[in-house]
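To keep things clear, I will list the structure first and then write my remarks on it.
Just the heavy atoms: all of them, side chains too, but no hydrogens, waters or symmetry mates, feed the values below. Numbers restart at 1 for each chain; the letters A, B, ... are given by sequence-line order, proteins then strands.
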Number of protein chains: 2
Amino acid sequence: MDPGKLNVVAMLKQAGLRVTPQREAILQYLVDTGGHATVEEIYQGVQPCFPHMSVSTVYNTVKHLAQVGLIKEIHVGDGPSRFDMNVRPHHHLICRKCGILFDFYIDEPPRFHLPPEAQGFQIEDYHVEVQGICPACRAASGE
Amino acid sequence: MDPGKLNVVAMLKQAGLRVTPQREAILQYLVDTGGHATVEEIYQGVQPCFPHMSVSTVYNTVKHLAQVGLIKEIHVGDGPSRFDMNVRPHHHLICRKCGILFDFYIDEPPRFHLPPEAQGFQIEDYHVEVQGICPACRAASGE
DNA sequence: CATCTAATTTGTAATGATTATCATCTAGGA
DNA sequence: TCCTAGATGATAATCATTACAAATTAGATG
């Protein structure tokens, strides 16, 4: 038996979600590719195995997966939503040229200096989006 | 004469943009309201004075204003783009309940711990988006 | 001050991402 | 095995944004 497949089934069950072939495939795709996929990419990725799967199903499924915390929805710039397997809190580097995305981590949370009118704001989560030029693009344009 | 109006005209000229009544009105609106406006809000805001202004003009103008650096485009969550007069680098607190937006500042940039594959990434800018509950919503639901 | 031209405005159509709808189908419990 | 709440899939609807083209205008030039 495919241990990976067993794994995603277990993940779905444990999260209290119904196990359907479509959900297995989508979660498996996210597990395999490891992060930052858009709905379109997921849709294309599962096409070979599920040629009949609807985009609606992808939207629906990622919404559910995000609700139970198996994945996280991230918004980068003005692009479409991306869905990230990585549940450990992390942040993103985006290349302005090619749009490639890297994860990175911040050991100690930065000290936020809140303005007076926001005193008492209850911080629940934060996300840092770093813009710049990735090594590959620097190499490409630098020479 | 309206000193405010003279001001936005000067800003446009200095930025090398043609001065049109529409641009004056849009920039004036942004100066007056002071930040975070969406295209829709700008459009509504200038309606009283410019009932004939097209949404296209708003999109066009904010794009130009952002290009010359008079304003900054920000993306918060999955909502529409917002345009911010505040050019000083700053970050945002978003309330999960009511969506209100606060600015805040970070004195010393956090130390980013880049992964191996991103070594050499040239950081140009960064933006921190903090999610949580604003004081007003806490007060409203807390009691 | 009249003229000219390139930039701007405007209305509309087109696109892209996402949500809504609803009839059909199915996972999984009784 | 049967039932039903929930899931799927096809399509339409919505929302933000961009593309387009014809009419207008800012501002430079003579």
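When each of A/T61 and B/V39 is assigned the nucleotide of DNA chain D with its nearest heavy atom, A/T61 is the one assigned upstream, toward the 5' end. Along DNA chain D, the nucleotide closest to A/D78 and the one closest to B/V19 are compared, and the more 5′ of them pairs with A/D78.
Contact annotation: side chain of A/S56 to base of D/dA10, donor-acceptor pair present below 3.5 Å. Side-chain N/O atoms of B/T20 and base N/O atoms of C/dT9 include no donor-acceptor pair closer than 3.5 Å.
The distance between atom NE2 of A/H52 and atom C1' of C/dT24, rounded to the nearest whole Å, is 15 Å. In this structure, the NZ atom of B/K63 is 13 Å from the C1' atom of C/dA7, given to the nearest Å. Summarising the geometry, the separation between OH on A/Y59 and P on D/dT11 is reported as 17 Å, rounded to the nearest angstrom. Rounded to whole Å, atom P of C/dG16 lies 13 Å from atom CD of A/Q44. If you take CG of A/N60 and C1' of C/dC25, they are 15 Å apart, rounded to a whole angstrom. Rounding to whole angstrom units, CZ of residue A/R18 and P of C/dG28 are separated by 7 Å. Straight-line distance from the NE2 atom of A/H64 to the C1' atom of D/dA5: 12 Å, rounded to whole Å. Taking atom CZ of A/F83 as the reference point, atom P of C/dA17 lies 13 Å away to the nearest angstrom.
Distances shown here put a side-chain N or O of B/Q22 below 4.0 Å from the OP1 or OP2 atom of C/dT10. For A/T57 and D/dG9, the shortest distance from a side-chain N or O to OP1 or OP2 is below 4.0 Å. The shortest distance between the side-chain N/O atoms of A/S81 and the OP1/OP2 oxygens of C/dT18 is below 4.0 Å.
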So A/D84 and A/I71, side-chain contact (heavy atoms from CB on, under 4.5 Å) or not? Walk me through it.
CA-CA 5 Å; A/D84 210 318; A/I71 62 177; over 6 Å; no
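With rounding to the nearest 0.5 Å, the separation of CZ in B/F121 from SG in A/C95 is 5.5 Å.
Ring pair B/H92/B/H127: centre-to-centre distance below 6.0 Å. Residues B/F83 and B/H36 keep their aromatic ring centres 6.0 Å or farther apart.
Judged as a salt bridge (charged side-chain N to carboxylate O under 4.0 Å, His left out), the pairs with a partner in residues 65-76 of chain A (not counting sequence neighbours) are, in order, A/K72-A/D125.
A distance-only check finds no donor-acceptor pair linking the side chain of B/Q14 to the backbone of B/M11 [under 3.5 Å].
Note on ring orientation: taking the six-membered ring where Trp is involved, the planes of B/F104 and A/F112 are perpendicular (angle over 60°, cut-offs 30° and 60°).
Using a 4.0 Å heavy-atom distance criterion, A/T38 is classed as making no nucleic acid contact.
For the helix from C/dC1-D/dG30 to C/dA30-D/dT1, the terminal axes (five pairs an end, C1' atoms, rotation from four pairs onto the next four) enclose an angle of 30°, given to 10 degrees.
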